[in-house]
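These notes concern the structure reproduced below.
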Amino acid sequence: MIESKGYAAETVNAPLTPFQFERRDVGPHDVRIEILFCGVCHSDVHQVRDEWGGSIFPMVPGHEIVGRVTEVGAHVKGFKPGDLAGVGCMVDSCQHCPECNDGLEQYCDNGFVGTYNAKDKDGAPTYGGYSNNIVVTEKFVLRVSEKLDLARVAPLLCAGITTWSPLREWNAKQGDRVAVMGLGGLGHMAVKFAAAMGCEVTVLSTSANKEADAKALGAHKFVVTKDQDAMKSVANYFDLIINTVSAPMDLTPYVASLRRDGTMVLLGVPPEAPQLHAFNLIAKRRRIAGSLIGGIKETQEMLDFCAEHNVMSDVEVIRMDYINEAYERMIKSDVKYRFVIDLATL
């Protein structure tokens with residue numbers, strides 16, 4: 001076993017504190033990575049506080065991992081010591097169901113193995129990226145370009161792929177009218193990706209003071225959704241809406257801004273079911289859909305796109321011992337737009 005260290009929540013709602021644990025030895029198909037940076041996702045807070053149920057303690061969070069390969073197994077072909085590598089929200093899946101065979105491991109019929117707060121195939125709990133190293137089967141390790149700022153790459157492994165996947169699945173392309181609801185960790189990446197794809201990008205927000213930030217990120221238009229006249233100006237307008245909002249809401253006025261056959265994709269998970277009048281879908285053959293993260297092939301495609309187009313997250317880099325304060329700030333949306341831990345400070 002490999003002696004490891006990180007930060008963990010020992011019990012539900014406990015602050016994160018230093019934690020010693022063991023990783024498995026590197027097997028024939030495994031890659032060991034020295035973690036350099038790890039992004040902080042809002043889901044980390046939900047899991048640490050057991051807000052979704054089923055949390056496993058002690059818990060080492062973190063699933064936006066970038067680092068450098070230090071060891072590979074005898075049968076590993078795609079990586080060697082010294083390579084940059086990334087790990088996202090999954091470290092394994094059944095690898096034989098129809099979803100896995102289609103490269104959609106995130107929808108594995110038997111359930112993918114989460115990077116943390118999950119049970120590995122051997123029954124041991126998985127520990128995430130708030131730590132100094134990780135051992136992952138090669139199929140779930142991603143190549144990272146040397147051209148990119150690693151701290152700004154880390155959130156691409158969750159926030160990035162979560163917004164990239166629906167843009168690709170619904171074929172966002174040059175000239176399409178794409179709206180983004182919510183300008184946080186997910187929303188700012190949706191704006192950047194859609195703009196880089198050549199779409200006309202509009203941010204829909206309740207906060208007028210976010211307009212300058214939205215346009216700096218690449219948005220072409222900004223609509224204050226509390227302004228009824230502004231919302232009327234985009235009626236029947238958008239091909240695609242990426243909805244990252246996790247607050248309770250009435251979807252009806254937003255769905256009315258979709259063109260015929262337009263789609264709203266839900267990425268946020270509000271605590272209550274959203275409201276929607278069915279006629280707004282029926283009248284223009286509009287659609288409501290949902291999307292999770294992306295498969296490994298799709299995530300690699302996203303990272304390659306980011307390297308080609310110099311697309312990265314906007315981040316605030318923090319020390320490991322600042323993580324509890326970062327959680328409180330994140331809950332208040334007091335970050336632009338993603339915290340990233342420098343693991344050299346562990």
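This one's a predicted model, so the numbers in the text were calculated from it and none came from an experiment.
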Kindly list each side-chain donor-acceptor pair under 3.5 angstrom involving residues 149-158, sequence neighbours excluded, with atom names and distances?
unit_1 : atom_1 : unit_2 : atom_2 : d
D149   : OD1    : A151   : N      : 3.1
R152   : NE     : S313   : O      : 2.7
R152   : NH2    : S313   : O      : 3.4
R152   : NH2    : D314   : OD1    : 3.3

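- Proximity of a side-chain donor or acceptor of N324 to a complementary backbone N or O of L16 within less than 3.5 Å is detected.
- Evaluation of the salt bridge (Lys or Arg N to Asp or Glu O under 4.0 Å) rule for R143 yields no partner, not counting sequence neighbours.
- The side-chain hydrogen bond (donor to acceptor under 3.5 Å, both in side chains) analysis of residues 289-298, with sequence neighbours excluded, yields the pairs S165-E298.
- Note that NZ of K119 and CD1 of I56 are 5.0 Å apart. Values are rounded to the nearest 0.5 Å.
- F279 pairs by the side-chain contact (heavy atoms from CB on, under 4.5 Å) definition with H277, A283, not counting sequence neighbours.
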Before you tell me yes or no, could you show the steps for E301 and R168 under salt bridge (charged side-chain N to carboxylate O under 4.0 Å, His left out), namely the whole-Å CA-CA distance, both residues' side-chain angles and the distance that decides it to 0.1 Å? CA-CA 10 Å; E301 175 191 67; R168 293 291 291 154; 3.2 Å; yes
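- Taking the six-membered ring where the residue is Trp, the centroids of Y127 and Y116 are separated by 6.0 Å or more.
- Ion pairing between a basic and an acidic side chain is recognised when a charged N comes within 4.0 Å of a carboxylate O; K210 and D213 show no such pairing.
- Pairs of residues two or more places apart, or lying in two chains, that qualify as salt bridge (Lys or Arg N to Asp or Glu O under 4.0 Å) and include a residue from residues 231-256 are D239-R259.
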Hey, mind stepping through T126 and N117 against side-chain contact (heavy atoms from CB on, under 4.5 Å) and telling me if it holds? CA-CA 6 Å; T126 57; N117 194 37; 5.8 Å; no
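- Under the salt bridge (Lys or Arg N to Asp or Glu O under 4.0 Å) criterion, E22 pairs with no residue at all, not counting sequence neighbours.
- Of all non-hydrogen atoms in C38 and G62, the two that sit nearest each other are SG-CA, 3.7 Å.
- Between the side chain of T345 and the main chain of M320, a donor-acceptor pair closer than 3.5 Å is present.
- Pairs engaging residues 51-66 under the salt bridge (Lys or Arg N to Asp or Glu O under 4.0 Å) rule: E64-R338 [sequence neighbours left out].
- For the 3.5 Å distance criterion, the side chains of S4 and N133 qualify, holding a donor opposite an acceptor.
- Counting only heavy atoms from C-beta outward, the side chains of V72 and P81 approach each other to under 4.5 Å.
- Note on I331 and L186: same hydrophobic cluster, where clusters join Ile, Leu, Val, Met, Phe, Trp and Tyr whose side-chain heavy atoms are under 4.5 Å apart, directly or indirectly.
- Relative orientation of the H46 and W52 rings is parallel, given thresholds of 30° and 60° on the angle between their planes.
- The CD atom of Q47 sits 9.0 Å away from atom CZ of F57, with the distance rounded to the nearest 0.5 Å.
- Within the hydrophobic cluster formed by Ile, Leu, Val, Met, Phe, Trp and Tyr side chains joined at under 4.5 Å, directly or through other members, L183 is accompanied by V180, V191, V201, V203, L217, F222, V224, Y337.
- Cluster partners of V223, using a side-chain heavy-atom cutoff of under 4.5 Å among ILVMFWY residues and allowing indirect links, are M181, L204, M231, V234, Y237, F238, I241, V245, M249, L251, Y254, V255, L258, M264, L266, L276, L281, I288.
- Remark: K215 pairs with E211 by the salt bridge (Lys or Arg N to Asp or Glu O under 4.0 Å) rule, at least two apart or across chains.
- R287 places a side-chain heavy atom less than 4.5 Å from the side chain of D261.
- One distance of note links CD1 of I341 with CD1 of I65; it measures 10.0 Å at 0.5 Å rounding.
- The shortest side-chain heavy-atom distance between L267 and P166 falls under the 4.5 Å cut-off.
- Remark: side-chain polar atoms of D342 are not paired, donor with acceptor, to backbone N or O of R319 under 3.5 angstrom.
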Before giving the answer on salt bridge (charged side-chain N to carboxylate O under 4.0 Å, His left out), spell out for E71 and R23 the whole-Å C-alpha distance, their side-chain angles and the decisive distance to 0.1 Å. CA-CA 13 Å; E71 184 181 357; R23 300 279 191 193; over 6 Å; no
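- The salt bridge (Lys or Arg N to Asp or Glu O under 4.0 Å) search around D227 returns none, not counting sequence neighbours.
- Residues I318 and V340 have side chains not in contact (no heavy-atom distance under 4.5 Å, counting atoms from C-beta outward).
- Residues in residues 85-104 take part in these salt bridge (Lys or Arg N to Asp or Glu O under 4.0 Å) pairs, two or more places apart or across chains: D92-K121.
- For the pair F112/C94, no side-chain contact is recorded, criterion being any heavy-atom separation below 4.5 Å from C-beta on.
- A salt bridge does not link D25 with R32: none of the charged nitrogens is closer than 4.0 Å to a carboxylate oxygen.
- Ion pairing between a basic and an acidic side chain is recognised when a charged N comes within 4.0 Å of a carboxylate O; K336 and E316 show no such pairing.
- Residues Y327 and R49 have side chains that never bring a donor and an acceptor to within less than 3.5 angstrom of each other.
- Y130 and D44 form a side-chain donor-acceptor contact under 3.5 Å, judged by distance and modelled atom types alone.
- Note that the NE2 atom of H63 and the OG atom of S43 stand 3.5 Å from one another [nearest 0.5 Å].
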